[in-house]
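What follows is a set of notes on a single structure, which appears directly below.
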Amino acid sequence: MSKVGETTLVLDLSALEHNYNYLRSKIKPKTKFLGVVKAFAYGSDTVTIARELEQLGADYLAVAYVSEGMLLRNAGVKIPILVLHPLASNFEDLIVHRLEPSIYSRNILNQFLEVAKEKQQTDYPIHIKFNTGLNRLGFSEDDVDFIARETKHSGCIKIVSTFSHLAASEDANERDFSLLQINSFKNLSDALRKKIGYTPIRHMLNTSGIINYPNAQFEMVRSGIGLYGYGNQAEVDSQLKPVATLKTIISQIHEIKANQSVGYNRAFRSSNTIKSATLPIGHADGIGRQYGKGKGFVVINGEKAPIVGNVCMDMIMVDVTGIDCQEGDEVVVFGSDNSAENFASSANTISYEILTAISQRVKRVLIEA
Ligand SMILES: *Cc1c(COP(=O)(O)O)cnc(C)c1O
């Protein structure tokens, strides 16, 4: 990997292809694959990742919000895009950009019908979200009649899929609960199919669901984190490759003598002489203050250097005592050398959070497949 001269998120598209093929190998050839590219494609680069997934043969993409889908349409992405959490104020934009809404409540269904009618749509594709236990978004059993009635009497919308989301797909201790969710989803989808008289596709599994519940693939699966190289369990992580590697450089090295301090609020106090390196990356780049005071570490010339003192807005200081390094040397925060899962766990969080936290200030650089 080439050297960077500033803080850079290096995106490896061959890793994306590898992960896509791995996840595809876990599903039946006929099962459709939806790639989740919400939140800047898990903090990487929405358009780049979406285009690559389209080329690799993904059947669908998903984003959280309408604005994210518009970005993809404006970049020329053609495959269907499911918007997981559309809000009524964006329905016109959604229709103009041929984005497909997740319809998750009576209120949202009514409001979407109104806009679809006004815009004289016929068979506009929508996706019905069922709540099977996550209790976040979705219709319940009591709503099935309502959905069938409302969608039937107007020809302006068509249900292309029903779906639901597992609450604990990565947790073997919650296996019984996940199986209950899967069963309930199957029953709700069946009930709705009977009432509308046609057969929308069904999807339930996220990345850990694909790994742990191979019998619940239905007609499509939805994967996000796995595409970016993380699988929520060590055996899966070892089969995947991180797409994003966050790199930076050493700006300055200091010798800190005993009884001196480093950084704001003098949060680090030295008891003996150490060597510190200042790096041009801080909480404004996504490295939260929770990584400070010795919790998080970076990798310099293959060795671990813990963050000392408080994380500043634009900088962190790391302890490089005993590490052979110089100003200008490359630093890996996470990715190829130190997995994002590992980095995140140092501050009691998960890969999803650190990946999506990397701010737009950080330059993105691609390594083509
Ligand atoms: C984010 C999201 C996914 C992707 O989950 P991963 O664990 O990243 O694979 C799938 N489905 C829904 C509804 C989501 O919100």
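We count ligands from 1, going down the list as the structure has it; atoms in each ligand are counted the same way.
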Does any donor atom in the side chain of [X] or [Y] lie under 3.5 Å from an acceptor atom in the other side chain?
{"X": "Tyr20", "Y": "Glu52", "answer": "no"}
{"X": "His203", "Y": "Ser161", "answer": "yes"}
{"X": "Asn301", "Y": "Asp329", "answer": "yes"}
{"X": "Thr349", "Y": "Glu353", "answer": "yes"}
{"X": "Asn232", "Y": "Tyr352", "answer": "yes"}

Does the ring pair (Phe, Tyr, Trp, His ring centres under 6.0 Å) test come out yes or no for Tyr291 and Phe297, once each step is laid out?
CA-CA 8 Å; Tyr291 290 94; Phe297 65 88; over 10 Å; no
To the nearest 0.5 Å, how far apart are OG in Ser164 and NZ in Lys129?
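Between Ser164 OG and Lys129 NZ, I get 6.5 Å after rounding to 0.5 Å.
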May I ask you to check if ligand 1 and Val36 share an N or O to N or O distance below 3.5 Å?
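Between Val36 and ligand 1 (N or O atoms, distance only) the closest approach is not under 3.5 Å.
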Backbone or side-chain N or O of Phe163 under 3.5 Å from ligand 1 N or O:
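It does not: no N or O of Phe163 is found under 3.5 Å from an N or O of ligand 1.
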Proximal ligand 1 atoms for Leu84, defined as those under 4.0 Å from one of its heavy atoms
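In order of numbering, the contacting atoms are 13 (C), 14 (C), 15 (O).
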For ligand 1, which atoms have a heavy atom of Arg136 less than 4.0 angstrom away?
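So the answer, numbered in order with elements, is 15 (O).
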Is the closest heavy atom of Tyr42 to ligand 1 under 4.0 Å?
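Yes, that is the case, since the closest heavy atom of the residue is under 4.0 Å from the ligand.
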Met204 near ligand 1 by a heavy-atom separation under 4.0 Å:
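In this structure, Met204 fails to qualify as a contact of ligand 1 - no heavy atom is under 4.0 Å.
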Considering only the protein, which heavy-atom contact is closest to [atom], and what is its distance?
{"atom": "atom 12 (C) of ligand 1", "answer": "His165 CE1, 3.4 Å"}
{"atom": "atom 5 (O) of ligand 1", "answer": "Asn206 CB, 3.4 Å"}
{"atom": "atom 9 (O) of ligand 1", "answer": "Thr207 OG1, 2.5 Å"}
{"atom": "atom 14 (C) of ligand 1", "answer": "Lys38 NZ, 3.0 Å"}
{"atom": "atom 11 (N) of ligand 1", "answer": "Arg222 NE, 2.9 Å"}
{"atom": "atom 7 (O) of ligand 1", "answer": "Tyr352 OH, 2.7 Å"}

Quick one: does ligand 1 sit under 4.0 Å from the side chain of Glu170, the backbone, both or neither, non-hydrogen atoms only?
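Within the 4.0 Å criterion, Glu170 makes no contact with ligand 1.
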With heavy atoms under 4.0 Å as the rule, classify the contact between Asn232 and ligand 1 as side chain, backbone, both or neither.
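Contact part for Asn232 vs ligand 1: neither.
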Find out whether Ile126 and Lys158 are in side-chain contact, i.e. whether some heavy atom of one side chain is under 4.5 Å from a heavy atom of the other.
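No - every pair of side-chain heavy atoms lies 4.5 Å or more apart.
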Connected-component partners of Met315 among ILVMFWY, side-chain separation under 4.5 Å:
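None; Met315 is a cluster of one.
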